[in-house]
Student: 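Sharing a structure, written as structure tokens. Questions coming.
These figures come from a predicted structure and were not determined experimentally. Within every chain, numbering begins at 1; the chains are lettered A, B, ... in the order of the sequence lines, protein sequences first and strands thereafter.
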Number of protein chains: 2
Amino acid sequence: MDKPAARPKRTRIQREKRELIGEAALEVFSQHGFRGSTIDQIADAAGMSKPNLLYYFKNKEEIFATLIHRLMETWLAPLREMDATGDPHTEIRSYIRRKIEMARDFPRESRLFANEILQGAPRILPLLEGELKELVDEKAAIIATWMRAGRLKKSDPYHFIFAIWATTQHYADFDVQVRAVLGENRGGEGRFEDAARFLEGLFLA
Amino acid sequence: MDKPAARPKRTRIQREKRELIGEAALEVFSQHGFRGSTIDQIADAAGMSKPNLLYYFKNKEEIFATLIHRLMETWLAPLREMDATGDPHTEIRSYIRRKIEMARDFPRESRLFANEILQGAPRILPLLEGELKELVDEKAAIIATWMRAGRLKKSDPYHFIFAIWATTQHYADFDVQVRAVLGENRGGEGRFEDAARFLEGLFLA
DNA sequence: GCAATTTTTGACCGTTTGGACAAACGTTAA
DNA sequence: TTAACGTTTGTCCAAACGGTCAAAAATTGC
């Protein structure tokens, strides 16, 4: 069951153009959401005509789906790297660092993802209940072990992970608000470094 | 400058209907975002015809603006209540509790707000840079005092507030994801209580 | 060079959407 | 009763949108 949908063969041009469209779509979707974005906007951003774009993607839905599925992998990578045999504090610290770096370097990806979840995750709910849940179950178990061994302050490992997600992604998703509140002085690029240091202190007290 | 825009007099019916429309609009906007919602959907939800709705609100934009401005007040109320003369731990604990209760009881409001910020806060940026920043500056100063007095663990008061926002609102905005990951057993109503307890431990360590 | 194939585009279509409008309906008060 | 005012709706329109199609242009393989 559920075979990998026999990926169609693609020419070099097709791969390149699909990539180009993906980049343009990320830019547009992350700013206006799915319904708020038009195929024309994406085509413009990709420097091609609408019919040409639709030659590479069946429809708007498929562009979005391709994008968000590819994103999920990137998005989960940092958590995947968390190593049961490593030092708990080092592992958590690295995880927080990586997540903050992603918020800084890939805010569009974060916002696209946030948008999808906000709307009720209509396109990725199965992934959340499957792949994501499995991964979190696995890592939460590791964290629980660390806590039981007294190597990490005891708390609920699931909410611990949620809290790391929430706080780090906040700096991408709510960036406008963060900058508005911090103002001219502290709202510069340094805010990510400040955030990282604060979060290390918070989670590794 | 900037006079309160001379609020037009309204009949009882006008106030009631505008209230009714607001409720319907909240329901629709919070699910589909601004661009994803149609006036027809809102009119349906309010049990009236589209032209009738447009008799009470000039256009879609005005419905949204009215809604989100009214929301800001509700949204900031908990922070406003934080009292400099109170016991730091009690004050912070109450704040977290109230924010979690809001995530549980008013998730639509939270999502609407999140949506607006995600899109770059086009309609409320001035509010963020003005009223919100002032309030946060004031409360951050209080927290800083508490920290300097050794009555609260030292950290950056601004990022401290951000972290409380992020973690509490996460349970409204990312509710689908939270429930997907927690699964059948722990994803029930108890999750808010679990979250509150976890967050108290996290922020009041 | 040329035929087959892939890529690109202008023109077009049906639907949805925000919004305008005038006519109808209901209510109130003289 | 009726005039005035507030409320409601059916109808309509122009713009925007997702998507199609046939034909032109570019590329590839021989």
Student: Are B:Tyr55 and C:dA20 close enough that a side-chain N or O sits under 4.0 Å from OP1 or OP2?
Tutor: no
Student: Please write out the pairs of protein N or O atoms and N or O atoms of nucleotides 20-27 of chain D separated by less than 3.5 Å, giving the distance to one decimal.
Tutor:
none

Student: Rounding to a whole Å, what distance do you find between B:Arg15:CZ and D:dT7:C1'?
Tutor: 16 Å
Student: Rounded to the Å, how far apart are B:Lys60 NZ and D:dA15 P?
Tutor: 18 Å
Student: Are B:Arg97 and B:Glu193 ion-paired here, with the side-chain N under 4.0 Å from a carboxylate O?
Tutor: yes
Student: Kindly indicate, with the supporting measurements, whether the criterion side-chain hydrogen bond (donor to acceptor under 3.5 Å, both in side chains) is fulfilled by B:Asp83 and B:Thr85.
Tutor: CA-CA 5 Å; B:Asp83 180 8; B:Thr85 68; 2.9 Å; yes
Student: Using 30° and 60° as the class limits, which term best fits the ring planes of A:His159 and A:Phe162: parallel, tilted or perpendicular?
Tutor: perpendicular
Student: I need the CZ-P distance between A:Arg18 and C:dT6, as an integer number of Å.
Tutor: 16 Å
Student: Distance-only, no hydrogens or angles: does the B:Lys153 side chain make a donor-acceptor pair with backbone N or O of A:Ala205 under 3.5 Å?
Tutor: no
Student: Would you classify B:Asn52 as touching base, sugar-phosphate or nothing, given that sugar-phosphate means primed atoms plus P, OP1 and OP2, and contacts are heavy atoms under 4.0 Å?
Tutor: base
Student: Please tell me if A:Gln14 has a side-chain N or O lying less than 4.0 Å from either OP1 or OP2 of C:dT6.
Tutor: no
Student: Rounded to the Å, how far apart are A:Phe57 CZ and C:dT8 C1'?
Tutor: 17 Å
Student: A:Ile42 has an atom CD1; how far is it from atom C1' of D:dC17, in whole Å?
Tutor: 12 Å
Student: Figure out the CG/P separation between B:Leu20 and D:dT8, and round it to whole Å.
Tutor: 10 Å
Student: Keeping the roles fixed (side chain from A:Thr145, backbone from A:Ala141), state whether a donor-acceptor pair exists under 3.5 Å.
Tutor: yes
Student: Once you measure the plane-to-plane angle for B:Phe113 and B:Trp75, does it fall in the parallel (<30°), tilted (30-60°) or perpendicular (>60°) bin?
Tutor: tilted
Student: Please report the distance, rounded to the nearest Å, between OH in B:Tyr56 and C1' in C:dG19.
Tutor: 18 Å
Student: Do you see a donor-acceptor pair shorter than 3.5 Å between the side chains of B:Asp137 and B:Tyr158?
Tutor: yes
Student: Between the side chains of B:Arg80 and B:Glu73, is the shortest nitrogen-to-carboxylate-oxygen separation below 4.0 Å, so that they form an ion pair?
Tutor: yes
Student: Which of residues 28-41 of chain B have a heavy atom under 4.0 Å from DNA chain C?
Tutor: B:Ser37, B:Thr38, B:Ile39
Student: According to a strict under-4.0 Å criterion, is B:Lys17 in side-chain N/O contact with OP1 or OP2 of D:dT8?
Tutor: yes
Student: For A:Tyr171, does the six-membered ring have the charged nitrogen or CZ of A:Arg104 within the cation-pi criterion, i.e. under 6.0 angstrom from the centroid and within 45° of the normal?
Tutor: no
Student: Pick the closest DNA chain C nucleotide for B:Glu61 and for A:Leu53 by heavy atoms, then say which residue is nearer the 5' end.
Tutor: A:Leu53
